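Reviewing the structure listed below.
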Protein chains: 2
Amino acid sequence: MAKERDDTIASRISRVLADRIIRGELAPDARLRQDHIAEEFGTSHVPVREAFRRLEAQGLAINLPRRGVRVASFDLKEVREVAEMRAALEGLALRHAAQHLTPAILDAAEEATREGDAASDVYAWEEANRRFHRLILAPSGMARLLAAIDDLHAASARFLFSAWQSGWEKRTDHDHRAILAALRQGRTDEAAAILQKHVQWIGRAPVRTPSGSTREAFAIVG
Amino acid sequence: MAKERDDTIASRISRVLADRIIRGELAPDARLRQDHIAEEFGTSHVPVREAFRRLEAQGLAINLPRRGVRVASFDLKEVREVAEMRAALEGLALRHAAQHLTPAILDAAEEATREGDAASDVYAWEEANRRFHRLILAPSGMARLLAAIDDLHAASARFLFSAWQSGWEKRTDHDHRAILAALRQGRTDEAAAILQKHVQWIGRAPVRTPSGSTREAFAIVG
DNA sequence: CTTTTAAAAATTATAGATAATTTTCGCTTC
DNA sequence: GAAGCGAAAATTATCTATAATTTTTAAAAG
């Protein structure tokens with residue numbers, strides 16, 4: 001079992017808080033009070049503050065010195081920005097990963113696609129989708145690039161969960177299959193082109209606002 | 001004068017350490033001892049640890065839990081990786097910035113190019129080069145993208161200072177001028193294409209190793 | 001002369017305490 | 001009822017102290 005020996009309290013707190021922010025349990029602009037969080041985790045506030053620095057760097061929280069840390073807010077402009085950054089970086093990663101892809105990896109990616117298609121809620125779909133992308137990009141072996149993409153996926157997931165609070169409908173992911181088909185035939189440029197288009201597809205869904213009315217929310221659905 | 005009211009000790013420490021790492025005053029793999037740094041800055045080690053988390057996120061340091069923080073090391077593979085990430089992201093930023101560029105901005109960028117050409121040492125050149133890139137990309141208004149590019153520029157500068165320890169020779173930057181010419185004529189795609197090629201140009205220089213022999217070092221020179 | 005071992009020193013990670021600042025909330029005034 | 005004011009409470013940022021762990025040093029054994 002993975003001992004948490006090489007894991008500080010700070011990193012554990014930052015993972016848990018990141019997850020809550022992504023899932024929307026912590027709403028945009030919500031204050032993150034260090035002493036409250038410290039108490040919840042049964043620690044002092046020192047590791048909590050270190051966790052905050054991590055969340056800041058990931059773009060999930062913003063720090064206003066002396067006035068506390070808040071969950072970062074976002075808007076359609078940022079959804080577009082993240083989509084375009086993902087297109088640029090995932091395209092790059094795929095071009096490098098292509099030559100290292102094995103049939104086994106592509107089969108695993110296809111399985112992830114099937115699981116995504118069968119997902120009955122948005123959380124299951126997101127997990128499968130993220131696994132698909134990671135599977136085909138990780139063989140690039142570009143650590144810095146992959147870390148940047150991971151942070152963008154976290155942002156994407158947040159947008160998605162915010163927009164699709166309920167009412168996920170199953171659908172067949174034709175893009176994923178087209179990407180895999182192109183990769184299997186060695187048509188890397190075509191695979192990268194589909195991928196770049198794919199992650200820039202922004203879906204919209206109606207969400208209920210706190211005031212009871214309805215507005216449109218936007219999110220990356222690739 | 002800029003009061004340091006909205007500036008924590010931690011952020012000041014992280015800026016100073018980042019600068020030292022970039023300039024090579026702190027060598028790759030050098031240990032960063034929190035108590036020593038705390039003493040130097042006349043603080044306790046708590047803000048030092050927060051600064052470490054920032055450096056980690058920037059890719060300038062790596063943390064081994066319980067075993068301390070070290071200056072991140074790098075190799076030719078990472079130089080290439082950063083160059084390609086810069087090409088992808090700066091290309092994206094320029095395409096968005098183009099429509100917001102004014103003659104005044106382009107004039108300022110041309111002035112930065114002239115200053116870079118006239119620079120007599122690598123530090124002055126890097127400063128002018130970074131200013132050129134920032135000037136033409138900032139009008140994109142894409143905060144997350146620009147922050148990512150800033151971190152990549154920090155990495156680039158580190159590679160550069162590591163390779164060009166001495167012996168900087170003046171040269172005229174034709175790429176910068178070609179980019180500006182294309183932008184002035186509204187040929188955005190051409191400008192972006194030159195920029196993407198430009199930042200992937202990797203120069204090489206001989207460096208003396210600690211053992212007295214000579215090897216080749218590589219760095220992004222755009 | 002290398003390897004092993006054990007004690008000593010240094011270092012990290014976290015807790016608990018405190019000063020400074022900001023936020024909250026009730027009271028007053030318009 | 002809105003706007004301003006001023007304690008009181010809450011919160012942040014930092015420091016000092018301490019337990020746990022790692023690294024270094026040096027001596028002992030092979």
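No experiment lies behind these values; they were computed from the predicted model shown. All chains are named by letter (A, B, ...) in the order of the sequence lines, taking the proteins before the strands, and each is independently numbered beginning at 1.
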Give the rounded distance in Å between these two atoms: [atom1] of [X] and [atom2] of [N].
X	N	atom1	atom2	answer
A:Arg70	C:dT22	CZ	C1'	12 Å
A:Asn63	C:dT22	CG	C1'	14 Å
B:Asp29	D:dT23	CG	P	14 Å
B:Arg33	C:dA9	CZ	P	17 Å
B:His45	D:dA20	NE2	C1'	13 Å
A:Leu64	C:dT21	CG	P	17 Å
B:Phe52	C:dA13	CZ	C1'	13 Å

(message) Pick the closest DNA chain D nucleotide for A:Val46 and for A:Arg67 by heavy atoms, then say which residue is nearer the 5' end.
(response) A:Arg67
Ionic contact status for [Y] with [X], cut-off 4.0 Å:
X	Y	value
B:Glu50	B:Arg54	no
B:Asp7	B:Arg15	yes
B:Arg134	B:Asp150	yes
B:Glu84	B:Arg80	no

Choose from [options] the nucleotide whose nearest atom is closest to any side-chain atom of [X].
X	options	result
A:Arg49	D:dT23, D:dA13, C:dT23	D:dA13
A:Thr43	C:dT23, C:dT12, C:dA15	C:dA15
B:Arg66	C:dA13, D:dC15, D:dT12	C:dA13
A:Thr8	C:dA15, C:dA13, C:dT22	C:dA13
B:Arg31	C:dT11, D:dC15, D:dT12	C:dT11

(request) Mind running a 4.0 Å heavy-atom check of residues 34-42 of chain A against DNA chain D and sending the residues that fall below it, in number order? (result) A:Gln34, A:Asp35, A:His36
(request) Indicate the ring-plane relationship of B:His133 and B:His176, choosing parallel, tilted or perpendicular according to the 30° and 60° boundaries. (result) perpendicular
(message) I want to know whether A:Tyr123 and A:Phe161 have ring centres closer than 6.0 Å.
(response) yes
Could you go over nucleotides 4-7 of chain D and give all protein N or O partners under 3.5 Å, atom names and distances?
none

(message) Under a 3.5 Å distance rule, please check whether A:Ser162 uses its side chain to pair with a backbone N or O of A:Arg158 as donor and acceptor.
(response) no
(message) Are more than 12 heavy atoms, taken from residues, nucleotides or ligands other than A:Glu39, located less than 6.0 Å from that residue's CD atom?
(response) no
(message) As an exercise, state the distance from CD of A:Glu90 to CG of A:Leu152, rounded to the nearest 0.5 Å.
(response) 8.0 Å
